[in-house]
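Single-structure report; data block below.
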Amino acid sequence: MLTKAPRGTKDVLPSESYKWQYIEGLIREICDVYGFKEIRTPGFEHTELFLRGVGESTDIVRKEMYTFTDKGGRSITLKPEGTSPAVRAFIEHNLYAETQPTKLYYITPVYRYERPQSGRLREHHQFGVEIFGAKSASADAEVISVAMTLLKKLGLNNLELRINSVGCPVCRKNYNKVLKEFLKNNLEYLCDDCKVRYEINPLRVLDCKVESCQRITKDAPLITDYLCDDCKSHFEELQKYLDIMGYDYIIDPRIVRGLDYYTKTAFEIISKDIGAQGTVCGGGRYDGLIEECGGPSMPGVGFGMGLERLLITLEQNGIEIPKPEGVDLFIAYVGEEAKLFTFALANKLRFNGLKVERDNMDRSLKAQMKYANKLNAKFAIVIGEEEMKENKVKLKDMSVGSEVEISIDEIEQRIKNI
RNA sequence: GUGGAUAUAGUUCAGUUGGUUAGAGCGCCAGAUUGUGGCUCUGGAGGUCGUGGGUUCGAGUCCCACUAUCCACCCCA
């Protein structure tokens with residue numbers, strides 16, 4: 001127990017961390033280009049925020065939150081998703097009083113108490129973006145394009161973008177009535193889960209995977225046929241924006257997101273080759289959320305992308321993230337004096353920005369060279385009494401094995417010039 | 001929360017119908033004459049066989065519980 005990470009968590013070891021750094025770097029670059037600024041919110045919030053934000057009928061709230069009472073008697077919950085904390089901060093710091101829209105992004109761990117499996121952890125990491133204050137469908141399209149750009153730049157082009165509109169409180173209410181009417185006749189044949197869904201959120205019956213339910217809902221009325229004029233034109237507009245950017249997408253009227261706050265646009269980006277948990281990115285519009293959380297009546301749209309799932313997808317597609325380069329120079333020493341001398345030399349070169357390594361294990365010269373090879377050193381030098389006295393070293397090019405004799409002071413320039 | 005599979009060196013795995021000191025590849029360390037890596041060869045370190053019980057003269061092997069991992073459902077990123 002002591003030497004085991006808790007269930008559903010993962011260490012990112014040095015052999016993997018470069019991949020995370022690469023992806024995070026790319027995310028920051030893209031967000032910068034698109035004008036999204038980073039927001040960092042706490043790892044935990046007052047539980048009420050998520051009850052309000054995510055919604056009490058969702059599985060996340062009902063059974064997946066890491067909730068505890070702190071020593072001051074407050075109910076605290078570890079961040080299970082990124083949107084509500086961003087909304088809370090937006091309201092708390094009056095960001096709505098600034099020039100709109102507000103474009104935010106974050107890379108954050110999120111916590112959900114679930115049964116772990118492939119692509120699903122209790123602590124996972126999400127990249128998310130949010131646009132607050134813009135009701136135009138162009139904001140929806142912009143958010144989607146951020147996700148698509150990232151995926152494309154990573155070399156992923158066989159992912160599926162699926163979009164839908166789940167309507168607004170007005171037309172959804174209408175549609176729910178129609179759908180319930182439709183389902184009523186077959187209510188007794190629905191699975192037990194769907195009987196509950198019928199009452200709480202009938203939309204969810206549509207994406208049930210039980211075959212008998214699918215048969216029943218095969219000809220069910222679709223939300224897209226019952227949208228009000230506003231929602232309908234918003235959805236059509238979104239498609240125009242996606243078309244003009246040249247993105248392929250599928251209209252899937254059965255996409256229902258599991259968070260209560262979504263209105264109008266809902267979308268998913270799905271990878272077919274990472275198992276059952278294929279949704280790499282999911283998001284949509286939430287025009288009522290900011291007000292629901294105690295802020296002004298302002299629209300919002302955003303997405304969350306699971307970084308672990310993204311990494312799995314990359315691997316499944318044989319996409320390799322460039323490995324960091326090896327060290328520029330390995331300095332080997334012979335003798336006690338040189339041991340000290342090279343320590344200072346390494347320090348000086350490092351200060352000047354060279355990647356330099358040196359033995360710390362009291363290895364033999366031969367072992368030092370082996371070590372240099374293992375570190376993927378581009379160059380190596382050996383310093384002993386002779387070299388210190390004459391101020392001369394042989395700079396060895398490790399890739400070919402050739403050596404050139406230069407003075408110790410020349411090392412830095414020689415390596416930087418290559 | 002439900003169902004199924006699995007658990008042996010750092011790692012990937014082998015281990016006969018239960019039978020003495022549990023093996024291999026890769027990795028790690030050291031040598032192959034004196035101050036030079038990669039290839040090769042030789043040697044070495046490293047395991048209370050997930051944990052705890054039970055059956056047995058005897059358990060890595062059989063049984064039970066627990067824990068963890070993997071897969072699917074639920075749901076989601």
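The structure presented is a predicted model; accordingly, all values stated were derived computationally and were not measured.
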Looking at the side chain of [X], which of [options] is the nearest nucleotide?
X      : options             : answer
A/E114 : B/C74, B/A77, B/G38 : B/A77
A/K396 : B/G37, B/C73, B/U2  : B/G37
A/S118 : B/A68, B/G35, B/C71 : B/C71
A/K374 : B/U36, B/G1, B/C29  : B/C29
A/R363 : B/A77, B/C29, B/G37 : B/C29
A/R115 : B/G38, B/A72, B/U36 : B/A72
A/N373 : B/A68, B/G3, B/G38  : B/G38
A/K10  : B/U69, B/G38, B/C70 : B/C70
A/V382 : B/U2, B/U36, B/C70  : B/U36
A/K366 : B/U2, B/G37, B/C74  : B/G37

Base, sugar-phosphate alone, or nothing: which one does A/G283 contact when heavy atoms must sit under 4.0 Å apart?
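Contact class for A/G283: none.
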Could you let me know what B/U48 is paired to, Watson-Crick or G-U wobble, both distances under 3.5 Å, or none if it's on its own?
none
Against the six-membered ring of A/Y198, is A/K180 placed for a cation-pi contact (under 6.0 Å from the centre, within 45° of the normal)?
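Yes; both conditions hold, so A/K180 lies above the ring face of A/Y198.
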Should the pair A/K416-A/E412 be classified as a salt bridge under the 4.0 Å nitrogen-to-oxygen rule?
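Looking at A/K416 and A/E412, the cut-off is met.
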